[in-house]
Undergrad: 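Pasting a structure here, questions to come.
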Amino acid sequence: MPELPEVETVRNTLKQYVINHRVESVDSYWDNIIVGEVDAFRERIYGQVIHDVKRLGKFLIFELDQDVMISHLRMEGKYFYCDYHDPVEKHTHVCIHLDKGKDLRYHDVRKFGKLQLVDKSNYLEVEPLNRLGKEPFHITVDELYSAFQKTSLPIKTALLDQGMIAGIGNIYANEICFVSKIDPYRKARDLSKEEVALIIEKSIYILNRAIEQGGTSIHTFSSNGITGLFQQQLFVHGKNNQPCQICGSLILKEKINQRGTYYCPTCQEVKKK
DNA sequence: ACGTCCTCCTGTTCGC
DNA sequence: TGCGAACAGGAGGACG
């Protein structure tokens, strides 16, 4: 499940391979990946050169000549950089054929990912990127506090809202609540400014640490694809019925707004069941 | 305008 | 053991 740190790792790795390649053609094997008409996508991207790979929240942004190709990996999206003649794997849905006999391939078991072209001149001002809030690195306490004031959602759920704060997915939302010692059920609007400041601080800390780890654990590219790291050093996510590393209480798993939520009832002072 | 539920998908895990 | 149901999850869309 790529979140901001994983996408950043993918971006850094991908950059080393695809920059300065020209797109020669595109094959699509599952058309719902590409937003809009596949033929239009194919014609529009033809001949454009990849100049840079950027990231905003969990979106990858391939900077081309006239357009940007915006890519969201959702749950299981991966990129392969390989030779044109390499066999196409089962879950590879889009092959972007580059010059020099190379391919950039999009692979996604669940087929949830999206790929779309947007005019480069104003891509931040139109969908999908104009929906995004600021990332934890840039948002101010006042901005997040005031966004939280406008919702009745639990803090755990609010952290997942990309319009309020961008880049946090379910895994890190759980970790951030734990490390901040905040009850995931508490309404976001009930947090004090000090608590919001703590949330931001811990978010930055956790995301940066994950990015660092990703940067050192991504040596197996090219044939295996860029998958992003798989989380090490998690405190609560996926740890239900295991003892909390801080206090020894058993980590619980419950659903909050349909999402699996893991927490330590003691550290996070969760009273009601 | 906001919250809730559904949809998109397939591989894995769970329950009978 | 086998097989269907439930689950996992990001985000957009429908609906109230």
Side-chain angles (χ1 to χ4, degrees), chain A residues 1-11 28-36 38 55-61 70-79 88-94 106-116 118 123-124 126-136 144 146-177 184-190 203 207 210 225 227-231 234 236-242 251-263:
Chain A
M1 292 126 254
E3 302 186 21
L4 188 155
E6 289 75 14
V7 179
E8 178 64 13
T9 301
V10 172
R11 178 186 86 86
S28 166
Y29 306 104
W30 186 265
D31 290 352
N32 284 344
I33 303 291
I34 289 174
V35 176
V38 175
R55 181 192 58 71
L56 192 60
K58 306 179 201 171
F59 288 89
L60 273 175
I61 302 164
I70 299 177
S71 168
H72 199 301
L73 306 171
R74 294 291 179 96
M75 252 73 75
E76 308 198 3
K78 301 172 176 62
Y79 278 100
V88 176
E89 292 190 19
K90 182 178 177 188
H91 297 293
T92 292
H93 307 304
V94 180
Y106 182 72
H107 180 281
D108 188 343
V109 170
R110 306 278 276 282
K111 301 177 176 171
F112 278 6
K114 295 293 174 195
L115 211 49
Q116 73 184 104
V118 174
Y123 68 88
L124 293 174
V126 300
E127 296 205 351
L129 300 187
N130 66 350
R131 294 169 174 263
L132 291 181
K134 291 188 183 175
E135 297 181 353
L144 189 57
S146 94
F148 282 172
Q149 290 304 113
K150 295 175 185 140
T151 178
S152 60
L153 293 172
I155 177 63
K156 158 68 180 7
T157 307
L159 287 172
L160 296 174
D161 187 325
Q162 303 300 299
M164 287 195 217
I165 184 165
I168 299 170
N170 201 43
I171 295 171
Y172 292 114
N174 285 321
E175 294 297 309
I176 290 164
C177 287
Y185 284 97
R186 282 180 62 196
K187 289 191 185 302
R189 65 159 57 122
D190 291 339
S203 299
L207 295 178
T227 61
L229 76 163
F230 224 131
Q231 282 64 41
L234 295 177
V236 289
H237 190 88
K239 308 273 188 189
N240 47 318
N241 297 321
Q242 297 179 38
I251 302 298
L252 300 181
K253 180 193 180 188
E254 289 159 13
K255 285 208 167 187
I256 298 182
N257 292 58
Q258 348 281 13
R259 300 286 177 216
T261 301
Y262 301 83
Y263 64 91

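The chains referred to below are lettered A, B, ... by the order of the sequence lines, with proteins before strands, and numbering in each begins at 1.
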Undergrad: Do any N or O atoms from the side chain of A/Q162 and from the backbone of A/G133 form a donor-acceptor pair under 3.5 angstrom?
TA: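 No, A/Q162 side chain to A/G133 backbone: no donor-acceptor pair under 3.5 Å.
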Undergrad: Should the pair A/H93 and A/W30 be assigned to parallel (<30°), tilted (30 to 60°) or perpendicular (>60°) ring geometry?
TA: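 Judged by the thresholds at 30° and 60°, the geometry between A/H93 and A/W30 is tilted.
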Undergrad: Counting only side-chain N and O atoms of A/S152, is one of them less than 4.0 Å from OP1 or OP2 of B/dG3?
TA: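 The answer is yes; a side-chain N or O of A/S152 sits under 4.0 Å from OP1 or OP2.
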Undergrad: Grab the CG-C1' distance between A/D108 and C/dG10 for me, whole Å please.
TA: 11 Å
Undergrad: Which nucleotide wins on minimum distance to the side chain of A/P128, given the candidates C/dG10, C/dG12, C/dA8?
TA: C/dG12
Undergrad: Whole Å only: how far is the CE atom of A/M164 from the C1' atom of C/dA11?
TA: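 Interatomic distance, CE of A/M164 to C1' of C/dA11: 14 Å.
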Undergrad: How many angstroms lie between atom CD1 of A/I176 and atom CD1 of A/I171, to the nearest 0.5 angstrom?
TA: 11.5 Å
Undergrad: Considering just the side-chain nitrogens and oxygens of A/N257, establish if one lies under 4.0 Å of OP1 or OP2 belonging to B/dT4.
TA: yes
Undergrad: Hey, is the side chain of A/K90 poking within less than 4.0 Å of OP1 or OP2 on B/dG11, counting only N and O atoms?
TA: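 It does, given that an N or O in the side chain of A/K90 lies less than 4.0 Å from OP1 or OP2 of B/dG11.
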Undergrad: Counting C-beta onward and ignoring hydrogens, is there a side-chain heavy-atom pair between A/I61 and A/L129 closer than 4.5 Å?
TA: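 Heavy-atom side-chain distance check passes, below 4.5 Å.
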Undergrad: Hey, does A/G260 reach any base, or is it just sugar-phosphate, or nothing, if we go heavy atoms under 4.0 Å?
TA: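 Here A/G260 touches the backbone only, sparing every base.
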Undergrad: Is there a side-chain contact between A/K150 and the phosphate of B/dC2, meaning an N or O under 4.0 Å from OP1 or OP2?
TA: no
Undergrad: Rounded off to whole Å, could you give me the CG-to-P distance for the A/D31 and B/dC9 pair?
TA: 11 Å
Undergrad: Phosphate oxygens OP1/OP2 of C/dG10: is one of them under 4.0 Å from a side-chain N or O of A/H72?
TA: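 No, because none of the side-chain N or O atoms of A/H72 sits under 4.0 Å from OP1 or OP2 of C/dG10.
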Undergrad: So for the helix from B/dC2-C/dG16 to B/dC16-C/dG2, with five pairs setting each end axis, what is the inter-axis angle to 10°?
TA: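 Answer rounded to 10°: the end axes differ by 60°.
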Undergrad: Is there a donor-acceptor contact under 3.5 Å from the side chain of A/N174 to the main chain of A/H237?
TA: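 Not a single qualifying donor-acceptor pair exists.
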Undergrad: Without decimals, in angstroms, what is the distance between A/E76 CD and B/dG11 P?
TA: 9 Å
Undergrad: Quick one: pull up NZ in A/K114 and CG in A/N32 and give me the separation to the nearest 0.5 Å.
TA: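 Result: 5.5 Å between the selected atoms.
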Undergrad: Please state whether the phosphate of C/dG13, meaning OP1 or OP2, lies under 4.0 angstrom from any side-chain nitrogen or oxygen of A/R131.
TA: yes
Undergrad: Any ion pair linking A/R55 and A/E135 (charged N to carboxylate O, less than 4.0 Å)?
TA: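 Salt bridge flag = yes for A/R55 with A/E135.
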Undergrad: Using OP1 and OP2 only, check whether a side-chain N or O of A/K111 sits under 4.0 Å from C/dG10.
TA: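 Result: no.
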Undergrad: Give one of base, sugar-phosphate or nothing for A/N32, where a contact means two heavy atoms less than 4.0 Å apart.
TA: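 Contact class for A/N32: sugar-phosphate only.
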Undergrad: Under a 3.5 Å distance rule, please check whether A/D108 uses its side chain to pair with a backbone N or O of A/G113 as donor and acceptor.
TA: yes
Undergrad: How far apart are the C-alpha atoms of A/M164 and A/F148, what are their side-chain angles, what is the distance that settles it, and do they pass the side chain to side chain contact (heavy atoms under 4.5 Å, CB included) test?
TA: CA-CA 8 Å; A/M164 287 195 217; A/F148 282 172; 3.9 Å; yes
Undergrad: Evaluate whether the aromatic ring of A/F112 and the six-membered ring of the C/dA11 base sit under 5.5 Å apart, centre to centre, with an inclination under 30°.
TA: no
Undergrad: Please give, in whole Å, the distance from C/dA8 P to A/I256 CD1?
TA: 13 Å
Undergrad: Could you check how far CD of A/E254 sits from P of C/dC7, rounded to whole Å?
TA: 15 Å
Undergrad: Ignoring backbone atoms, establish whether A/T151 has a side-chain N or O less than 4.0 Å from OP1 or OP2 of B/dG3.
TA: yes
Undergrad: Establish whether the base of C/dG10 is bridged to the side chain of A/R259 by a donor-acceptor pair shorter than 3.5 Å.
TA: yes
Undergrad: Check every strand shown and say whether A/L153 touches a base, only sugar-phosphate, or nothing at a heavy-atom separation below 4.0 Å.
TA: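 Touches sugar-phosphate only.
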Undergrad: Once you apply a heavy-atom cut-off of 4.0 Å, does A/K114 come out as touching a base, just sugar-phosphate, or nothing?
TA: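 Here A/K114 touches no strand at all.
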Undergrad: Distance check needed: C/dA11 P versus A/L159 CG, whole Å only.
TA: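 My rounded result for the distance is 13 Å.
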Undergrad: Write down the distance between CG (A/D161) and P (C/dA11), rounded to a whole number of angstrom.
TA: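 About 9 Å, once rounded to whole Å.
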Undergrad: Ignoring backbone atoms, test whether A/Q258 places a side-chain nitrogen or oxygen under 4.0 Å from the OP1 or OP2 oxygen of B/dC5.
TA: yes
Undergrad: Kindly say if A/H91 contacts the phosphate of B/dG11, meaning a side-chain N or O under 4.0 Å from OP1 or OP2.
TA: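 A/H91 to B/dG11 OP1/OP2: side-chain N or O found under 4.0 Å.
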Undergrad: Report yes if a side-chain nitrogen or oxygen of A/W30 is closer than 4.0 Å to either non-bridging phosphate oxygen (OP1 or OP2) of B/dC8; otherwise report no.
TA: no
